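Report on the following structure.
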Amino acid sequence: MKKYLQKSVCIIVACMIFSGCSRQPVVYQKADTAMGTIINQTIYVSGGSGNGQAISEEVISCINELETEYLSWRLDTSEVYQINASAGNGQKAELSGLLGDVLEQCEKVYTASDGAFDFTVGKVAGLWDIDSWAVMQTPDAFIPPTDEEISGALAYVGSDKCRLEAGYITLPEGMELDLGAVGKGLALDEVQKVLAGREEVSGAVISVGGSILTYGSKPDGSNWNVGIVNPGDTSQNLGTLSLAGEWYISTSGDYERFIEKDGIRYHHILDPHTGKPADSGVKSVTIICTAGSGISGREGLYSDALSTACFVLGVEDGLKLAEEFGAEALFVDAQDEIYMTEGMKQYFHLSNAEK
Ligand code: ADP
Ligand code: MG
C-alpha cells in the first residue's frame, strides 16, 4: 500500500469512442493520491480529453480541500483540528454549514447503531494507532495497549457526551472528533456535485480508497460493474455489483489496515464499547446507497458510516441497521459465508470461481 501512496501514479488513457466526433464522449482515466489513499477516476466526457483532465483536477482539488479545510485531525488548518483543540475550554465552537450537516448525519447513525459508529472515537483510535503500525509492519515492536490504558482513553469517547446544537459543538476536555470512518464517503458526495456541475460529463466512476461513486451512464448504456474484494483472499474479487446510474458503495474490512501479532489480527475498526478492534465475527461489510434514497443528499457519507457501524455490529444487527436507512448490505463472516439484505441480491453476482 505504502509504495502506491509514495508514488503518485498518473495514467492517462484517452481514446475516442466514436472517432472523428468531439461531441461524443471520450473516456479519461487517472490514478492519484489524496486523503491518504488512492483515488481512481474514470470519466466519460464530451469535448475531448482536455475536458477530462480539467474535471479530474477539479475532483482532486475538491477532495484535498475537504481534507485540509474540514476533516483532518492532523492539519491545524482544518475545522476538526480546531474543534479538537478547543475541547474542554467551556466555549462552544462554531461549525461551518458543511461540518454542522455532517455531524448531524453522524449523530443519527451513532444513535441508530447504539454507539457502534461513534465520531468521538479519536482518543482510543490514537491509542491504538493502527494506521501507523499497518504501514510499519513491525509486530515485534507492537505492544497492544493495556486494559487500563484502554479504559483511560474510553473516558473521552461517546458522541452523547459532546453537545451538538444548531451551528455549534461543545467538546468536553480530552475528547477528539474522528471523522475517519466517513471522510471517503463524504468526499464522494462532494465529488458528485463537481460532476453534476459539468454538463460535459455523461458518466463516471470515482473511487476514494474503499468508497466508490458511480455516476451517470456509460456510452453503450451498459451497467457499471464494481468488484467486491474477497476478504479471505484480497487478490481476488468475491463478486461484482451490477449497478445502473448513481450509487455510493463503501466497504469496511479487517484486511484494509491491520497488524498481526501472536496469531491475532489487530485492525483499524474499533468497537467503541470495548475500545478494542471490533470482534463481531465479520471480515467485511459492503453498503450501497443510491441517489435520492431519502437520506438527505449524503448517501456517500451514509454508505461509509453504515459500513463501519455494520462491521462493529455484526451480521444480525447490521442487516437491520442497513435496512433502517434504506441501504443494501453484504456481509462476509469469519467462515466466508455471505449474508445480504433482500434488495442486495439483484445487484450482486458471485465470481465464477466461487459458484
Ligand atoms: P476505512 O477508513 O479503511 O475506509 P472505515 O470507513 O471503517 O475504514 O473507517 C475506519 C476509521 O474510522 C478508523 O481508522 C478510525 O479513524 C475511525 N473509526 C474506527 N472505529 C470507528 C467506529 N466504531 N466509529 C467511528 N469511527 C471509527
Ligand atoms: Mg466507513
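Counting starts at 1 for both ligands and their atoms, following the listed order. Remember, predicted model here, so these are calculated numbers, not experimental data. Both backbone and side-chain heavy atoms feed into the values below; hydrogens, waters and symmetry mates do not.
Geometrically, ligand 1 and V182 share no nitrogen or oxygen pair separated by less than 3.5 Å. Considering backbone and side-chain atoms together, D271 places no N or O closer than 3.5 Å to any N or O of ligand 1. By the 3.5 Å distance cut-off applied to N or O atoms, A116 is counted among the residues near ligand 1. At under 3.5 Å, a nitrogen or oxygen of D178, whether backbone or side chain, sits near a nitrogen or oxygen of ligand 1.
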- Message: ring pair (Phe, Tyr, Trp, His ring centres under 6.0 Å), that's the test. Do Y110 and F117 meet it? Break it down for me.
- Response: CA-CA 5 Å; Y110 169 77; F117 167 84; 8.0 Å; no
- Message: Would W247 and Y347 count as a ring pair (Phe, Tyr, Trp, His ring centres under 6.0 Å) here? Give the steps.
- Response: CA-CA 11 Å; W247 285 87; Y347 305 115; 4.9 Å; yes
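Checked for salt-bridge contact, K283 and D336 meet the test: a charged N lies under 4.0 Å from a carboxylate O. In summary, D32 and K30 engage in a salt bridge, as defined by a charged side-chain N under 4.0 Å from a carboxylate O. Comment: D254 engages R265 in a salt bridge, judged by a side-chain N to carboxylate O separation of less than 4.0 angstrom. A salt bridge is defined here as a Lys NZ or Arg NE, NH1 or NH2 lying under 4.0 Å from an Asp or Glu carboxylate O, and R198 with E58 meets this definition.
Regarding atom 1 (P) of ligand 1, its nearest protein heavy-atom neighbour is R257 NH2, 3.2 Å. The protein heavy-atom contact nearest to atom 6 (O) of ligand 1 is D304 OD1, 3.0 Å. When hydrogens are left out, the protein atom nearest atom 13 (C) of ligand 1 is H268 O, 3.4 Å; that is the closest non-hydrogen contact. Atom 24 (N) of ligand 1 has its closest protein heavy atom at D118 N, 3.0 Å. Closest protein heavy atom to atom 20 (N) of ligand 1: L270 N, 3.0 Å.
By heavy-atom distance, the residue among G122, A181, C106 lying nearest atom 9 (O) of ligand 1 is A181.
Note on M175 and L270: separate hydrophobic clusters, where clusters join Ile, Leu, Val, Met, Phe, Trp and Tyr whose side-chain heavy atoms are under 4.5 Å apart, directly or indirectly. Taken together through direct or relayed side-chain contacts under 4.5 Å among Ile, Leu, Val, Met, Phe, Trp and Tyr, L171 and V157 form parts of separate hydrophobic clusters.
Ligand 1 has at least one atom lying under 4.0 Å from a heavy atom of P272.
The Mg ion (ligand 2) has an N, O or S atom of A181 inside 2.8 Å of it. Inclusion of T308 in the first shell of the Mg ion (ligand 2) is supported: an N, O or S atom falls under 2.8 Å.
Remark: ligand 1 atoms within the under-4.0 Å shell around heavy atoms of F117 are 24 (N), 25 (C). Near V121, with a cut-off below 4.0 Å to any heavy atom, the atoms of ligand 1 are 18 (N), 26 (N), 27 (C). Applying the 4.0 Å criterion to heavy atoms of K184 picks out, from ligand 1, the atoms 1 (P), 2 (O), 3 (O), 4 (O). Interface atoms of ligand 1 facing T308, defined by a heavy-atom separation under 4.0 Å, are 5 (P), 6 (O), 7 (O), 9 (O), 21 (C), 22 (C). Each of the atoms 5 (P), 6 (O), 7 (O) of ligand 1 lies under 4.0 Å from some heavy atom of S252.
Centroid-to-centroid, the aromatic rings of Y266 and W128 come within less than 6.0 Å. Checked against a 6.0 Å centroid threshold, the rings of H268 and F311 do not count as neighbours.
F142 and W133 have perpendicular rings, their planes meeting at more than 60° on a 0 to 90° scale where under 30° would count as parallel.
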